[in-house]
Amino acid sequence: MESKSRQLPSDSTASTKKQTALLAGRSRMVRLAGIGVVILAVIGAFLYLGGWFSPHKLTPVRFVDEFERVNGRYSGFRRNHAKGVCVRGFFDSNGRGTRLSKAVVFRIGRVPVIGRFSLGGGDPHASDELSAVRGLGLQFSLSDGEQWRTAMINLPAFPFKDPQAFYDNVVASEPDRNTHQPDPAKMAAFLANNPETVRALEIIKSHAPSSGFDNSTFYGLNAFRFVDAQGTWTPVRWTLVPVQPYEAVGATGASQDKNFLFDALIASILQHPLQWHLILTLGQLGDPTNDATVPWPEGREQVDVGSLTLDSVESEETSPARDINFDPLVLPAGISPSDDPLLSARSAIYSQSFTRRAGETKEPSAITPSDVRK
Ligand code: HEM
């Protein structure tokens with residue numbers, strides 16, 4: 001009995017040890033399986049984001065790949081609006097925006113601004129063209145630490161209603177190997193499939209471009225929601241209207257110089273600060289907020305909320321603006337995105353372009369530090 005009674009505990013110790021070993025083995029297996037699941041999930045997420053599960057789905061990776069395939073790949077440069085020059089200045093708010101938005105930037109006062117003028121296209125060394133799309137990216141640094149970023153162009157309507165239409169246009173505009181021009185048949189097919197682009201191009205053609213960057217109007221085009229202190233929101237589109245008087249293209253004549261638009265901008269800003277009024281256009285019920293190809297009807301209320309002054313110019317090579325992603329969804333409290341499908345697409349695609357260029361060796365820009373000191 002004694003031995004039995006002595007044996008019993010020792011038997012149970014052995015079986016407990018066995019069970020513990022078994023459990024430890026199982027929990028190791030469970031942990032390993034868990035790690036495997038996590039690794040598979042991470043790989044799956046990468047494949048999903050890269051569009052590997054849906055070969056025809058338009059992803060940011062695929063969009064930026066197409067920009068590179070059609071325009072070329074230039075180390076360290078933006079995949080669109082690649083050619084540019086950087087600027088600094090400030091925004092003086094007159095306080096009139098506070099009735100529409102609680103954003104700190106609209107309180108009376110001055111906030112510093114850093115920005116970048118650019119031309120549309122993926123070649124950072126392309127020759128300046130009067131017909132090229134002119135861009136202006138701005139970052140407002142608010143007193144409470146928030147930022148407001150916006151990237152605007154000199155077109156009164158955007159030619160593409162959604163990212164797919166823009167992508168299809170990039171595909172259709174690939175230069176033919178022999179003629180070095182887009183294939184007219186492909187472009188005609190694109191336009192036939194996208195009647196809204198045809199309508200937007202009519203509006204664009206009716207606004208002759210000005211002679212330079214300094215007297216260009218820049219349009220935000222996408223609609224946003226301005227939210228006031230009570231939480232009431234208003235659909236808004238913004239525009240920068242130049243104080244510099246409009247001059248038609250013919251008045252100054254197009255120069256043959258490769259950088260004539262940027263050179264003129266630099267000369268102008270070195271002569272005197274450049275100024276624009278920031279004008280908000282208020283949408284009404286029924287005005288489309290999800291289609292940047294359609295301008296809102298004439299006569300909508302406009303509010304001048306202050307003036308932008310740009311008083312210094314710098315090459316991309318020395319300016320921190322080179323490494324800013326002018327993502328249109330970097331917004332302060334008081335400005336929210338609308339239902340425009342371009343906004344989230346732009347944010348994701350700019351991020352993809354930014355991630356690629358940030359990791360690449362930087363080549364010299366077309367506008368060098370010595371160009372801005374002339
Ligand atoms: C689906 C639509 C669009 C696509 C795919 C697209 C694509 C891009 C890309 C890839 C960049 C370079 C981003 C970077 O590397 O930082 C860029 C820059 C820019 N985009 Fe867009 N864009 C779109 C719509 C627009 C619209 C609607 C506007 C104007 C209202 C605009 C104005 C600009 C400007 C001004 C820049 C240059 C900003 C800077 O200097 O960094 N884009 N775009």
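Counting convention: from 1, in listed order, for ligands and their atoms alike.
- Within the protein, the number of N/O/S atoms found under 2.8 Å from atom 21 (Fe) of ligand 1 is 1.
- Counting only heavy atoms of the protein, atom 15 (O) of ligand 1 lies nearest to Ser353 OG, 2.6 Å.
- Between Glu301 and Arg99, at least one side-chain N (NZ, or NE/NH1/NH2) sits under 4.0 Å from a carboxylate O, which counts as a salt bridge.
- Here the two rings, on Trp238 and Phe224, have centers that are under 6.0 Å apart.
- A salt bridge does not link Glu360 to Arg357: none of the charged side-chain nitrogens sits closer than 4.0 Å to a carboxylate oxygen.
- The distance from ligand 1 to the heavy atoms of Leu136 drops below 4.0 Å at these ligand atoms: 35 (C).
- Salt bridge present: Arg116 and Glu316 bring a charged side-chain N and a carboxylate O closer than 4.0 Å.
- Close N/O approach between Arg79 and ligand 1 is not found [any backbone or side-chain N/O within under 3.5 Å].
- Contact atoms of ligand 1 toward Gly220: 30 (C) (distance under 4.0 Å to a heavy atom of the residue).
- Closest of all the heavy-atom pairs between Pro159 and Ala200 is CA-CB, 3.9 Å.
- In this structure, Pro242 and Gln275 have side chains that are not in contact, with every pair of non-hydrogen atoms separated by 4.5 Å or more.
- Ring planes of Phe160 and Phe158: perpendicular class, angle over 60° (limits at 30 and 60°).
- Taking any N or O of Arg78, backbone or side chain, at least one lies under 3.5 Å from an N or O belonging to ligand 1.
- Using cut-offs of 30° and 60° on the angle between ring planes, the pair Phe262 and Phe213 is tilted.
- Within the structure, ligand 1 has Tyr219 among the residues with a heavy atom less than 4.0 angstrom away.
- For atom 16 (O) of ligand 1, the nearest non-hydrogen atom of the protein is Arg357 NH2, 2.7 Å.
- Residue-to-ligand polar distances place Arg116 within reach of ligand 1: an N/O pair is separated by less than 3.5 Å.
- The heavy atom nearest to atom 2 (C) of ligand 1, out of those in Phe218, Phe63, Phe166, is found in Phe166.
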Q: Begin with the C-alpha distance, continue with both residues' side-chain angles, and end with the deciding distance and a verdict on ring-ring contact (aromatic ring centres under 6.0 Å, His included) for Phe106 and Phe226.
A: CA-CA 11 Å; Phe106 297 121; Phe226 273 43; 5.6 Å; yes
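- Not one N or O of Asp162 is nearer than 3.5 Å to an N or O of ligand 1, by distance alone.
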Run the salt bridge (charged side-chain N to carboxylate O under 4.0 Å, His left out) check on Glu174 and Arg69 step by step: do they pass?
CA-CA 9 Å; Glu174 181 182 6; Arg69 197 182 67 78; 3.2 Å; yes
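- Close contacts of ligand 1 with Leu342, meaning ligand atoms under 4.0 Å from a residue heavy atom, involve 1 (C), 2 (C).
- Within the 4.5 Å cutoff, the side chain of Val61 has heavy atoms near those of the Arg356 side chain.
- Note: the hydrophobic cluster containing Val243 does not contain Leu278 (ILVMFWY, side chain heavy atoms under 4.5 Å, direct or indirect links).
- The ligand atoms of ligand 1 that sit less than 4.0 angstrom from a heavy atom of Met152 are 35 (C).
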